[in-house]
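Values reported hereafter were calculated over all heavy atoms of this structure, with side chains retained and with hydrogens, waters and symmetry mates removed. All ligand and atom numbering here is 1-based and tracks the order in the structure.
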Amino acid sequence: MAPLLLGCIADDLTGATDLANTLARRGMSVVQTIGVPSPGDPVPDAEAIVVALKSRTIAARDAVALSLQACRWLKAAGARQFYFKYCSTFDSTDQGNIGPVGDALVEELDAGLTTVCPAFPETGRTIYLGHLFVGRDLLSDSPMRNHPLTPMRDANLVRVLSRQTRARVDLVPITTVRQGASSMSASFGYLTRKLVRYAVIDAIEDEDLLTLGAACAEMKLMTGGSGAAIGLPENFRQAGLIPKRDAVTPLDSVGGLGAVVAGSSSQATMGQIAAMRAQHPALALEPLKLAEDFEPSVAAVLDWARPKLSSGPVLIHAGGTPKEVAAVQEKLGRERAGELVEQALAKIAQGLVAAGVRRLVVAGGETSGAVVQGLGVKALQIGPQIDPGVPACLAIGTPRLALALKSGNFGAEDFFMKALDVLK
Ligand SMILES: Nc1ncnc2c1ncn2[C@@H]1O[C@H](COP(=O)(O)OP(=O)(O)OP(=O)(O)O)[C@@H](O)[C@H]1O
Ligand SMILES: O=C(O)[C@@H](O)C(=O)CO
C-alpha cells in the first residue's frame with residue numbers, strides 16, 4: 001500500500017477532478033472520493049487522495065464543518081501534507097467560504113502560514129501584484145462579475161480575502177517569486193514573524209508555480225486552485241517517497257455505449273453543445289415541463305434516447321441563453337429550477353446506464369455532483385487528461401463506468417466527442 005502523502009479537500013466535484021488531474025499528470029497515484037468516506041471504509045491505496053465536497057456555496061458554518069470532517073479523515077488516514085482546493089476564479093462571497101474554511105483548517109492543523117494562489121496559467125488565470133486576471137481581463141471585468149451565486153467584483157485577492165477572515169493577509173509579489181524558492185521561503189519566514197496567516201502568491205506562468213511548490217515542501221497546509229499544486233509531486237519524488245513515472249497510467253477499457261449530459265450554461269459548454277448537436281442526436285430539457293410532470297418528462301427523454309444509443313452517442317442538455325435561464329428562474333425560483341434540472345439529469349443518467357451506457361460525459365460542477373451521487377459512485381480513479389483541467393476517470397466499484405466530469409468553463413469546442421473517444 002502506498003503511503004498517503006497529500007490529503008486534499010476540494011470545494012466542488014469538478015474542481016476536485018481538476019486537482020486530481022494535475023497531481024496525476026505530475027506523477028502521483030491519485031484517488032478522488034465523492035464526499036468524506038465513512039470511518040469504517042477502507043482508505044484508498046493512493047499517494048494523494050482528493051476528497052470532493054459540495055461546499056463552495058453552502059452556508060459558511062456548514063462548509064467549515066464538512067471541511068473539518070474531511071481534514072480529520074485525511075489526518076487519520078496518515079496524510080503528511082494538506083491542500084485546500086478552490087476555484088481558479090476564487091468563487092466566494094464576503095461571508096465565505098474560502099476565509100472561514102481556511103481559518104478552520106489552519107487551526108485544526110496548527111499550520112501557521114499558508115498560501116493563497118488560485119492561478120492556473122494554462123486556462124488564463126494569472127495573479128499580478130495580488131490581482132487575479134481571467135485571460136486579459138481583471139477578474140472583476142470578466143463574466144465572473146455576474147456569476148449568479150458568487151459575483152466577483154473585486155480582483156484584489158488580499159482585499160477579497162481580508163473581508164472573509166480576521167487573520168492577516170499579505171502578498172508575495174512576482175519579484176520575490178522570480179528570485180527563486182529560497183527567496184520565497186525567506187519571505188514566508190518574514191511573513192510568519194509578522195503573524196500573517198495568508199500569503200497571496202503572484203504567479204503568471206507555470207514556472208512561478210513550480211517555484212512555489214519547491215518553497216512549500218515543508219508547509220503543512222497549502223490553499224489554491226489546481227495550478228498551485230503542480231510543484232508538489234516533485235518534492236515527494238526528491239524525498240524518495242514516490243517513484244519517477246513518465247505518464248499517467250491508462251485506465252482499463254470499459255467499452256459500452258456513450259452519452260453526454262450537460263447542465264451547465266456557461267459560454268464554453270454552450271459552444272460544446274452546439275458542436276455535438278451538429279453531429280449527433282441531441283435533446284434539450286424543458287424545465288417548465290419538468291416542474292409540472294417530472295417523472296413522465298424524464299421517461300419521455302429516456303424513450304427518445306434508448307433506440308438511438310446503439311448507433312452512437314446522444315446528448316441531453318439543459319442550459320439555454322442567459323435570457324432563457326433567467327425566464328425559467330423567474331417562474332420557478334433559482335434554487336428550485338437548478339434542483340429540478342440537476343435531479344432530472346441525474347435520473348436520466350441512471351436510465352442511460354441501465355440501458356447500457358458505460359462512457360458518460362457530464363458538464364457542470366453542480367450537475368456532476370448530482371449525477372455522480374445518483375449513480376452511487378463513491379470514488380474515482382484518475383486517468384489521462386482530455387483537455388486542461390479535465391481527466392478521464394473510472395468509477396471504482398460497479399458498474400464499471402468511464403466518466404469525464406467537466407467544469408462549466410473548461411474544454412475546447414469538440415470536448416464532448418473527444419472525451420467519448422478517450423473514455424473508450
Ligand atoms: N435552463 C435552465 N434553467 C434553470 N436552471 C438551469 C437551466 N439549465 C441549467 N440550470 C442549472 O444551472 C446550474 C448549473 O450549474 P453547474 O455547476 O452544473 O454548471 P456551471 O456553473 O456552468 O459549472 P461549474 O460550477 O463547473 O463552473 C445547475 O444547478 C443546473 O441545474
Ligand atoms: O479551478 C477551477 O477553475 C475549476 O477546477 C473549478 O473549480 C470550477 O468549478
Side-chain angles (χ1 to χ4, degrees), residues 8-22 32 50 52-57 83-92 98 117-125 132 134 139 142-144 146-150 152 223-229 261-273 284-291 316-348 362-372 387-391 404-411:
C8 311
I9 302 159
D11 69 354
D12 90 339
L13 189 90
T14 48
T17 317
D18 174 12
L19 174 61
N21 177 54
T22 299
Q32 174 176 338
V50 184
L53 302 178
K54 206 170 181 295
S55 56
R56 186 172 290 173
T57 55
Y83 198 96
F84 169 35
K85 156 75 174 70
Y86 38 73
C87 193
S88 61
T89 42
F90 211 67
D91 301 17
S92 53
I98 295 173
C117 189
F120 189 2
E122 213 178 346
T123 58
R125 277 70 155 158
L132 180 57
V134 178
L139 174 68
S142 79
M144 283 305 295
N146 296 317
H147 190 279
L149 302 175
T150 51
M152 301 303 294
T223 88
S226 61
V261 296
S264 160
S265 39
S266 75
Q267 222 172 331
T269 304
M270 295 312 282
Q272 291 153 357
I273 289 173
L285 287 186
E286 294 179 56
L288 296 179
K289 235 188 199 168
L290 284 172
I316 294 148
H317 66 90
T321 62
K323 234 182 175 175
E324 286 163 347
V325 174
V328 170
Q329 288 176 332
E330 200 173 306
K331 285 221 168 80
L332 301 177
R334 182 189 308 280
E335 231 171 79
R336 175 144 184 263
E339 177 84 12
L340 259 180
V341 171
E342 285 174 33
Q343 287 317 311
L345 290 173
K347 283 249 175 213
I348 289 163
V362 189
E366 296 298 319
T367 307
S368 296
V371 165
V372 160
D387 265 344
V390 198
L405 308 171
K406 187 194 81 77
S407 288
N409 284 314
F410 286 175

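Close approach of ligand 2 to R56 (heavy-atom distance below 4.0 Å) involves ligand atoms 6 (C), 7 (O), 8 (C), 9 (O). Shown in contact with S88 at under 4.0 Å from a heavy atom are these atoms of ligand 2, numbered in order with element: 1 (O), 2 (C), 3 (O). Applying the 4.0 Å criterion to heavy atoms of G15 picks out, from ligand 2, the atoms 5 (O), 6 (C), 7 (O). Within ligand 2, counting atoms from 1 as listed, the ones closer than 4.0 Å to a heavy atom of K85 are 1 (O), 2 (C), 4 (C), 5 (O), 6 (C), 7 (O). Close contacts between ligand 2 and D18 involve ligand atoms 1 (O), 2 (C), 4 (C), 5 (O) [criterion: under 4.0 Å to a heavy atom].
The distance criterion of under 3.5 Å between nitrogen or oxygen atoms is not met by R125 with respect to ligand 2. At least one N or O atom of D12 sits closer than 3.5 Å to an N or O atom of ligand 2. Taking distance alone, with nitrogen or oxygen atoms compared against 3.5 Å, T89 stays at or beyond that limit from ligand 2.
Annotation: side chain of K406 is not in contact with side chain of D387 (no heavy-atom distance under 4.5 Å).
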Self-check item: Test log, rule side-chain contact (heavy atoms from CB on, under 4.5 Å), inputs K85 and I9
Solution: CA-CA 6 Å; K85 156 75 174 70; I9 302 159; over 6 Å; no
Practice problem: Apply side-chain contact (heavy atoms from CB on, under 4.5 Å) to the pair M152 and L132, showing each step before the final yes or no. | Solution: CA-CA 10 Å; M152 301 303 294; L132 180 57; over 6 Å; no
Practice problem: Tell me, with the steps shown, if L285 and I348 meet side-chain contact (heavy atoms from CB on, under 4.5 Å). | Solution: CA-CA 11 Å; L285 287 186; I348 289 163; 3.8 Å; yes
Quiz prompt | Derivation of the side-chain contact (heavy atoms from CB on, under 4.5 Å) call for I98 and T223 | solution = CA-CA 9 Å; I98 295 173; T223 88; 5.6 Å; no
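Here F410 has side-chain heavy atoms under 4.0 Å from ligand 2, and that is the only part of it that gets that close.
Protein residues lining ligand 1, listed by chain and number: T14, G263, S264, S266, P287, A318, G319, V325, V328, A337, G338, V341, E342, G364, G365, E366, T367, S407, G408 [non-hydrogen atoms, distance under 4.0 Å].
What sits closest to atom 8 (C) of ligand 2 on the protein, heavy atoms only, is S407 OG, 3.3 Å.
In this structure, the separation between CZ on F410 and OG1 on T17 is 10.5 Å, given to the nearest 0.5 Å. Summarising the geometry, atom CD belonging to Q32 is positioned 10.5 Å from atom CG belonging to N21; distances are rounded to the nearest 0.5 Å.
Annotation for L345 and G263: closest pair CD1-CA, 3.6 Å, computed over non-hydrogen atoms.
Applying the side-chain contact (heavy atoms from CB on, under 4.5 Å) rule to T57 yields the partners L149, T150; only residues at least two apart in sequence or on another chain are considered.
No more than 12 heavy atoms of other residues, nucleotides or ligands shown are found within 6.0 angstrom of CD on E286.
The heavy atom nearest to atom 6 (C) of ligand 2, considering only A10, C87, G227, is found in C87.
Looking only at atom types and distance, the side chain of N409 has no donor-acceptor partner in the side chain of S407 under 3.5 Å away.
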